[in-house]
Structures are given as structure tokens and as C-alpha cells.
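These numbers were taken from a predicted model, which means no experiment stands behind them.
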Amino acid sequence: MRKLLPLLGTHSHAGGRSALTCRFRCGDACFQEVPNTSDNEYVGDVIAGVLSRRSALRAAAVVTVASAAGGAVVLGGAPEAQAHPGHGHKPADGARGLRFAPVAPNTADQVTVPSGYGQNVVIRWGEPILRGAPAFDAENQTAEAQAGQFGYNNDFLSLLPLRGEYGKQVLVANHEYTDEVLMFRGYDAENPTREQVEIAWAAHGLSVVVVQEERRTGKLTPVSRHYLNRRLHTTSEFELTGPAAGSALVRTSADPEGRTVLGTLNNCAGGTTPWGTTLHGEENFNQYFANGSSETDKRYGMVAGASERKWERFDKRFDLAQEPNESHRFGWVVELDPYDPQSTPRKRTALGRFKHEAAQPRLTADGRPVVYMGDDERFDYFYKFVSSKRMMKGSSRRAREHNLTLLDEGTLYVAKLTGDSPAAEIDGTGKLPNDGEFDGSGTWIPLATAGPDGAVSHVPGMTAEEVFVFTRLAGDKVGATKMDRPEDVEPSPRTGRVYVALTNNKDRGKAGKAPADEANPRNANKHGQVLELAEHWDDPSSDGFAWRLFLVAGDPDDPATYFAGYPKEKVSPISCPDNVAFDPHGNLWISTDGNQLGSHDGLFGVATHGERRGELKQFLTVPKGAETCGPIIQDRRVLVAVQHPGEVDGASVENPASAWPDGPGKIVRPSVVAVWRTDGRDIGV
């Protein structure tokens with residue numbers, strides 16, 4: 001019997017998060033009233049007339065749903081048809097790409113990796129990356145210095161090639177939020193100073209930094225003051241583009257034309273486009289604004305009083321009583337061209353406004369981008385955007401200029417899921433229904449379409465501009481499915497199947513809240529799940545899809561867990577899936593946030609196909625109080641962003657909870673870590 005570690009202290013917050021994390025990361029979102037008070041039907045209400053999974057398998061051995069265009073979506077490879085280890089033979093060492101000894105759950109204050117693997121800290125908070133930026137000095141930090149240094153709380157990472165410079169790559173990082181109590185000695189939360197606030201402004205945003213690889217290992221080191229290196233923060237200029245740009249809903253006294261925004265906030269996960277740009281989701285932006293009062297403010301979680309950081313004292317744009325439209329200029333997907341240090345990043349309004357966890361595109365057969373996105377809130381939705389324009393191949397100036405318009409025209413959709421099991425079989429415990437899977441079909445409901453001559457709403461009672469600015473309300477009106485915090489959404493580059501990380505939802509099944517349903521099958525869900533969705537491979541722009549739960553996370557000894565049918569005694573425990581990424585072998589890698597099983601958060605790899613489908617193995621754990629973010633899995637290297645180390649209740653600069661990464665007596669610093677095999681071979685083979 002597997003023994004899990006005792007819980008780390010007393011956790012009353014979502015998942016295993018500390019109160020400090022909830023306070024600074026999302027403004028205690030889980031302790032506010034759920035913003036979604038709509039009465040949308042849940043999955044169990046819409047199963048009538050749908051064939052059961054088992055009947056469909058007996059009839060055709062696949063699941064098919066008809067799209068609105070008459071095409072078929074196929075989601076095959078059910079557990080009943082798979083030969084797993086122990087069912088006849090036992091392949092050696094694991095799925096290709098996952099052949100490593102799994103790291104055991106632990107509470108070590110370090111990054112723990114498998115035997116035979118090495119690691120290095122690539123870059124830390126405060127390291128200078130721009131010309132003229134000074135070395136980091138935690139006791140004498142200034143806003144001017146921070147504006148030229150690597151930002152705080154690194155999250156999403158993208159690693160892009162750099163032609164013509166041997167061994168160099170371009171690293172792009174999000175900086176989600178700041179932990180002022182861990183940054184400033186003697187920090188007074190009720191009376192922050194202007195200097196502290198301006199340092200925090202400069203520590204948010206995005207970093208672009210060229211890194212040099214060491215060919216003998218997987219080690220990466222930053223190239224300081226490279227001409228591509230860049231910092232974008234809370235006072236940098238960003239351009240609003242697409243259907244909501246210039247709308248009266250986004251105009252302010254400082255920007256009466258509604259097209260130029262200062263800053264990007266709470267950038268969580270993101271995506272890398274086939275045309276060489278990066279996408280950055282603005283997530284818990286609501287927490288930075290004070291004095292919210294409108295119904296739309298409430299739907300987006302704005303507080304009625306002062307904000308946690310008190311920024312409104314130093315810039316009126318953070319006071320909604322003075323600038324009611326300023327918050328409408330956040331909650332977008334930002335597109336950045338990391339190869340052009342003079343370019344202005346663009347906030348793509350055609351992709352809708354909500355708490356964007358991420359945005360990862362794929363292409364249709366005719367070359368149009370499709371972007372999948374999750375809204376990280378209890379009982380909120382997941383979306384996709386289908387561009388009406390085709391990507392132009394090549395690196396010519398004409399191609400690059402054209403491709404930088406791809407995300408301004410197209411249709412925004414929200415998902416509605418239908419379960420295929422009787423409601424009586426979904427009892428809220430996580431017990432599998434009689435057909436052996438949580439699964440069903442779904443439709444993408446169109447919300448609005450943006451074109452070259454304007455935009456059209458598909459939601460009765462809302463204009464197109466309202467749909468794009470108040471996308472959550474549009475999802476409410478059309479009856480989208482309430483999910484358990486949809487976070488990162490990633491399409492497989494091999495199969496086209498889309499994987500959605502659903503982190504947790506402590507309010508599922510509470511009085512007055514949506515009950516468990518087939519896509520969200522556990523009440524008081526503290527461990528989360530991963531949903532697998534299949535559209536037609538040649539037409540990801542179709543309206544129909546099939547879905548099933550690929551993983552139902554938690555202690556494998558708990559009957560309310562599921563690992564794609566793989567023997568549960570052969571998998572690692574996992575809790576609170578957050579970010580997802582694919583390796584070159586088609587395995588899904590999952591980072592966690594808020595592990596509720598007593599161990600530190602970590603990174604896990606799981607096979608998505610073949611006889612080992614569902615085999616899940618832990619690759620690393622992160623230090624005390626930290627979260628694993630931004631995973632990148634290359635042939636010879638794994639990168640992770642170690643976010644908020646030491647973020648434990650009661651911790652401060654004077655009373656640190658972690659000594660990572662530089663040891664006792666040094667300030668705790670969020671950092672990026674690279675991991676590689678010490679024998680020089682590929683990861684997991």
C-alpha cells in the first residue's frame with residue numbers, strides 16, 4: 001500500500017495552496033463568492049437521447065458525434081480495447097520518453113530530479129538582462145533596476161530558435177504576480193510605499209532573454225544585454241487590436257481612443273504560434289483593481305473596496321470609481337514578437353476577455369489557426385477561436401506582417417458538454433458509471449465573429465463588442481458548461497486531440513452550486529482531472545467533438561481516481577493539474593499547483609497512446625511553497641519555471657520558509673530550471 005506524506009501544515013485554501021498564495025496570486029478568489037451565478041444546465045441535464053458509451057463501442061468500437069457540418073468526430077482507443085502491462089506481457093522501463101525512475105513524493109526544499117539527471121538554475125528573479133541594468137541587490141532594489149532585470153514569479157516559458165547564432169535560443173517568460181511580503185523587508189501591506197509599488201509594477205509582465213546552451217549537457221545560461229533581450233511590464237505600451245479596439249467600452253480618460261494600454265497583468269500560461277510569436281494569457285487581473293461596483297465587475301471578481309496591493313493610491317487607473325473602463329483593457333491574450341525588440345505587443349480582443357490561463361494554437365488543414373483557451377475560475381468555461389485567415393509560410397517581411405493579423409478575424413466559441421451516462425450513475429463520489437468511462441459528446445457554441453468590415457454577435461441581447469469585452473456573460477447566456485477551473489489547454493501535435501487541465505473546485509456540489517456531472521464527477525473536487533477532446537483531425541474548426549476524462553487525479557489508492565484505464569498501482573500520485581505540454585514522443589507532461597496529497601508540487605509525464613496509455617510518472621518536485629510552471633520538454637532538456645518558492649503562511653523576508661535557490665541567508669528567488677540526462681542521451685529513452 002502506498003503511503004502518502006502528512007499534509008504540510010493546515011490548508012484551508014483551494015487544493016494545497018497556502019493562504020499567502022491565495023492572497024497575492026488571485027486576491028483570495030476562492031474565498032469570494034463564485035462570480036458565475038448563472039443557472040446554466042449542467043452536463044447531467046442534457047444526456048437524454050444520447051447512446052451510452054458501451055452501446056456505441058459495441059456498435060462501432062469508436063465514439064462518433066455528428067458535427068453541424070455533417071462530419072464525424074472520432075475518439076477511439078478505449079480502455080476496453082487496450083492491452084495493458086499485467087494483461088499478457090510487460091514491456092520494459094516504460095513508454096518511450098518516460099523511461100526514468102519516478103521521483104517519490106517528498107517535501108525536500110530543492111528541485112528533486114530522477115537518478116541520472118542533472119540540473120541548473122538558468123535565470124533568477126532580478127538578474128540583469130538589459131544594458132545598464134545593475135546586479136541584483138535585494139536590500140537596495142529600485143524600480144529602475146527592476147525594469148532591466150528578469151521579473152518575478154516566472155510562469156509560462158517558450159524557447160525559440162535563434163538562427164545564425166550557434167547554440168543560442170530565445171527564452172520568453174511570463175511574470176504572473178508579485179509576493180511583496182517575500183520581496184521587501186518590513187513590508188507593511190496596509191501602507192506600501194511608492195517605491196515598493198513601482199518595483200512591483202516593473203516585476204510584472206514579460207521577459208525576453210537569449211540563452212546559451214552547453215552542448216555537453218543541457219545546461220542553459222542567460223546572455224546578458226543581447227539585442228533581443230527585453231522587459232515589458234505594467235507601464236509598457238500595448239496595443240488593443242481586433243473587434244473591441246476603439247470601442248467605448250475600452251476608452252479611458254488617458255486613452256480616449258481606446259487603443260493603447262499601459263501594461264499587462266497576471267500573465268499566467270500561454271502558447272507558441274506556428275508563425276514564431278508567443279501568446280500570453282492575462283489571468284487574475286481583477287485583483288489589481290479597487291472599488292468595483294457594476295454587475296460586470298462582479299462577474300469578473302472585482303472587489304468593492306481597496307485592492308490587496310493598494311495600487312489605486314498611486315495611479316487612478318486602478319480605481320474603478322475613477323476609471324470604470326480600465327479593467328476592460330485587461331483579461332486578454334497578448335501576442336508578442338520576440339524577434340522584433342521594437343515591436344509593440346498586441347492584446348487580441350477577438351479571443352475574448354476572461355481569466356485566460358493559456359492560449360495554444362494549432363492549424364486547420366487549410367492553414368487557419370485555432371486557439372484553445374481556459375477560463376481559470378470555479379464554474380467557468382473553456383473556449384476556442386477559429387481564425388478566418390490562413391497562415392502564410394516563410395519568413396519574408398510580407399509573411400510576418402500578414403501572420404501578425406491572423407488573430408484579429410474569426411469566430412469565438414464556447415464549449416457545451418453532454419454526458420452519455422444516466423444522471424443517477426454520476427453520484428459525486430467519482431465512481432465510474434456502468435460503461436466504464438466518464439465521456440460524451442459536445443458542441444462549440446458560436447459567440448461572435450470578427451471580420452474585416454466589423455463584427456457580428458451570435459448571442460441574443462448582446463452586441464459584438466459586448467460579447468468580446470464581457471465574454472463570461474456571453475457564455476452564461478448560451479448555456480456553456482460550468483467546469484472545475486479549466487486552466488491550460490493543449491492540442492497534441494501528433495493526434496490533434498486536445499487536453500484540458502481542470503485543477504479543482506471545492507464548491508462543486510455545494511448548496512446552490514452546480515452538482516457533479518460526467519465531465520466534473522466529484523463534489524468538493526480537491527484533486528482535479530484532465531479532459532481529452534477529439535475534433536475531426538482535418539477540421540478542428542468543426543462544431544462537434546467527443547470527450548472523455550483522461551485522468552481523474554488523486555491518490556491512486558482512492559477508488560475515485562482514474563488513469564485512462566492503466567493499472568493504478570503502477571502510477572505516481574498526482575493532484576491539481578495545471579499546465580500541460582507535449583514531448584517529442586507524444587506523451588503529455590503535467591505540472592501541478594496546490595498538491596493536496598502532502599507532497600510538494602511537481603512535473604509528471606503520462607503516455608497518451610499505446611499499451612501504456614495512462615502510465616503516469618513523476619519527473620521532478622519543486623521546493624517548499626513553490627509551484628511547477630511553464631514546462632518545456634525537448635529531446636535533451638526539460639525546463640520548468642519554479643514559481644513562488646517559500647510562499648508559505650507566515651513567511652516573509654525576515655522569516656523565510658525556503659532557502660532555495662541560493663541557500664540559507666539569501667533571499668528566496670523564483671527561477672527557471674533546466675534538467676538533462678548526465679549521460680548526454682535524450683530524456684526518458
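In this view, K384 and E535 satisfy the salt bridge (Lys or Arg N to Asp or Glu O under 4.0 Å) rule, not counting sequence neighbours. Partners of A641 under the side-chain contact (heavy atoms from CB on, under 4.5 Å) rule, at least two apart in sequence or in another chain, are N154, L157, C629. Considering only residues two or more places apart in sequence or on other chains, K477 meets the salt bridge (Lys or Arg N to Asp or Glu O under 4.0 Å) condition with none of them. Applying the ring pair (Phe, Tyr, Trp, His ring centres under 6.0 Å) rule to F470 yields the partners H328; only residues at least two apart in sequence or on another chain are considered. A search for side-chain contact (heavy atoms from CB on, under 4.5 Å) contacts involving P274 returns P361, L363, M391, not counting sequence neighbours. Annotation: salt bridge (Lys or Arg N to Asp or Glu O under 4.0 Å) contacts of R472 (sequence neighbours excluded): D375, E377, D380. Residues satisfying the salt bridge (Lys or Arg N to Asp or Glu O under 4.0 Å) test with K510, not counting sequence neighbours, are D507. With sequence neighbours left out, the ring pair (Phe, Tyr, Trp, His ring centres under 6.0 Å) criterion links F468 to no other residue. By the ring pair (Phe, Tyr, Trp, His ring centres under 6.0 Å) test, Y499 is found to be paired with F550, F582, residues two or more places apart in sequence or in another chain being considered. Listed by chain and number, the residues in a ring pair (Phe, Tyr, Trp, His ring centres under 6.0 Å) with F619 are F100, Y117, W589 (sequence neighbours excluded).
Without hydrogens or angle criteria, N106 side chain to A104 main chain gives a donor-acceptor distance under 3.5 Å. With hydrogens and angles disregarded, no donor-acceptor distance shorter than 3.5 Å links the side chain of T592 to the backbone of N595. Judged purely by atom type and a 3.5 angstrom limit, W332 has no side-chain atom pairing as donor or acceptor with the backbone of F354. Between the S572 side chain and the Q618 main chain, a donor and an acceptor come within less than 3.5 Å of each other. Formation of a donor-acceptor pair under 3.5 Å by the T495 side chain with backbone atoms of S492 is not found in this model. In this structure, the side chain of T443 does not engage the main chain of D543 through any donor-acceptor pair within 3.5 Å. When atom types are taken as modelled, the side chain of R99 and the backbone of G94 share a donor-acceptor pair closer than 3.5 angstrom. The main-chain N or O of S599 is never found under 3.5 Å from a side-chain atom of T107 such that the two would form a donor-acceptor pair. The closest donor-acceptor contact from the side chain of K568 to the backbone of D558 lies under 3.5 Å. Although no hydrogens or angles enter the test, the distance criterion places no donor-acceptor pair under 3.5 Å between the side chain of R522 and the main chain of A516.
If you check the side chains of N267 and E176, you find no donor sitting under 3.5 Å from an acceptor. A donor-acceptor pair shorter than 3.5 Å cannot be found between the side chains of D488 and Q360. Side chain to side chain, K506 and N525 fail the donor-acceptor criterion of an N or O pair below 3.5 Å. Looking only at atom types and distance, the side chain of T411 has a donor-acceptor partner in the side chain of T449 under 3.5 Å away. The closest side-chain donor-acceptor pair between S158 and T272 falls under 3.5 angstrom. Using a 3.5 Å distance cut-off with no hydrogens or angles, the side chains of N434 and E425 do pair a donor with an acceptor. No hydrogens or angles considered: nothing links the side chains of N36 and R378 as a donor-acceptor pair under 3.5 Å. Defined by atom type and a distance below 3.5 Å, a donor-acceptor pair is missing between the side-chain atoms of Y566 and R613. Counted by atom type alone, S421 and E518 present one or more donor-acceptor pairs between their side chains at under 3.5 Å. Remark: the T628 side chain and the D601 side chain contain no N/O donor-acceptor pair separated by less than 3.5 Å. E282 and H356 share no side-chain donor-acceptor pair at under 3.5 Å.
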task = Applying side-chain contact (heavy atoms from CB on, under 4.5 Å), run through D439 and D435 and close with a yes or a no.
result = CA-CA 9 Å; D439 62 342; D435 66 7; 3.6 Å; yes

- Verify side chain to side chain donor-acceptor pair (under 3.5 Å) between N579 and E357, making sure each step is shown before the conclusion. CA-CA 9 Å; N579 297 144; E357 166 75 15; 3.0 Å; yes

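Closest approach of N523 and G509 over heavy atoms only: OD1-CA, 3.2 Å. The minimum heavy-atom distance linking G97 with D583 is given by the pair O-OD2, 4.2 Å. Between V642 and A626, the shortest heavy-atom distance links the atoms CG1-CB, 3.8 Å. Counting all heavy atoms, side chain and backbone alike, C576 lies closest to G594 at SG-O, 3.3 Å. When all heavy atoms are compared, the tightest approach of D155 to C268 is OD1-O, 3.2 Å. When every heavy atom of M483 is checked against every heavy atom of A519, the shortest pair comes out as CE-CB, 4.2 Å.
At least one side-chain heavy atom of I590 sits less than 4.5 Å from a side-chain heavy atom of V530. For the pair P584/Q634, no side-chain contact is recorded, criterion being any heavy-atom separation below 4.5 Å from C-beta on. A 4.5 Å side-chain heavy-atom check between L447 and Y383 finds at least one atom pair inside the cut-off. Counting heavy atoms from C-beta outward, E615 and V606 have side chains that stay 4.5 Å or more apart. Considering only heavy atoms from C-beta on, L412 comes within 4.5 Å of T471 through its side chain. Contact of the T608 side chain with the N587 side chain is not registered, since no non-hydrogen atoms from C-beta on lie closer than 4.5 Å. At a threshold of 4.5 Å between non-hydrogen side-chain atoms, the residues Q529 and P521 count as touching. Annotation: side chain of F385 is in contact with side chain of L407 (closest heavy-atom distance under 4.5 Å).
Atoms OH and NZ, from Y381 and K482 in turn, are 6.0 Å apart once rounded to the nearest 0.5 Å. Atom CG of N504 sits about 7.5 Å away from atom OG of S575, to the nearest 0.5 Å. From L533, atom CG reaches atom CH2 of W547 across 10.0 Å, with rounding to the nearest 0.5 Å. Rounded to the nearest 0.5 angstrom, L549 CG and L502 CG are separated by 7.5 Å. Taken to the nearest 0.5 Å, the CZ atom of F563 stands 14.5 Å off from the NZ atom of K570. The CD atom of E490 lies 11.5 Å from the CZ atom of R362; values are rounded to the nearest 0.5 Å.
Between D682 and R677 no salt bridge is recorded (no basic side-chain N to carboxylate O distance below 4.0 Å). Using a 4.0 Å cut-off between charged nitrogen and carboxylate oxygen, R485 and E487 count as a salt-bridge pair.
For residues 507-528, the set of pairs meeting the ring pair (Phe, Tyr, Trp, His ring centres under 6.0 Å) definition, not counting sequence neighbours, is empty. Pairs engaging residues 426-449 under the ring pair (Phe, Tyr, Trp, His ring centres under 6.0 Å) rule: F382-W444, W444-F545 [sequence neighbours left out].
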